[in-house]
Amino acid sequence: MTGGPPCRRLVRSFTGPCIQVAKFLAGVARKIASDQLKGEDDAELTALIRPCVDSGLISGDPGGWQRLAS
């Protein structure tokens, strides 16, 4: 069958390397966002995570979002 969705397979969340990287990155992004909300953000860390943040996301803190998006 051509032109259909790509084949996908389930992996265990504790052993799948892609899942582990995604969980790690999500944890780092959450920590950076949390620090921004407290006004304790690190400009270098924010710059490193910026390429991984979807610009279409909605944030409850416009100031923190501006630091991440710009």
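Residues take their numbers from the sequence shown, with the count starting at 1.
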Roughly how far apart are Lys31 NZ and Ile49 CD1, rounded to 0.5 Å?
-> 13.0 Å
With rounding to the nearest 0.5 Å, note down the distance linking CD1 in Ile32 to CG in Leu48.
-> 7.5 Å
What pairs meet the side chain to side chain donor-acceptor pair (under 3.5 Å) rule with one or both residues in residues 15-30, with sequence neighbours excluded?
-> none
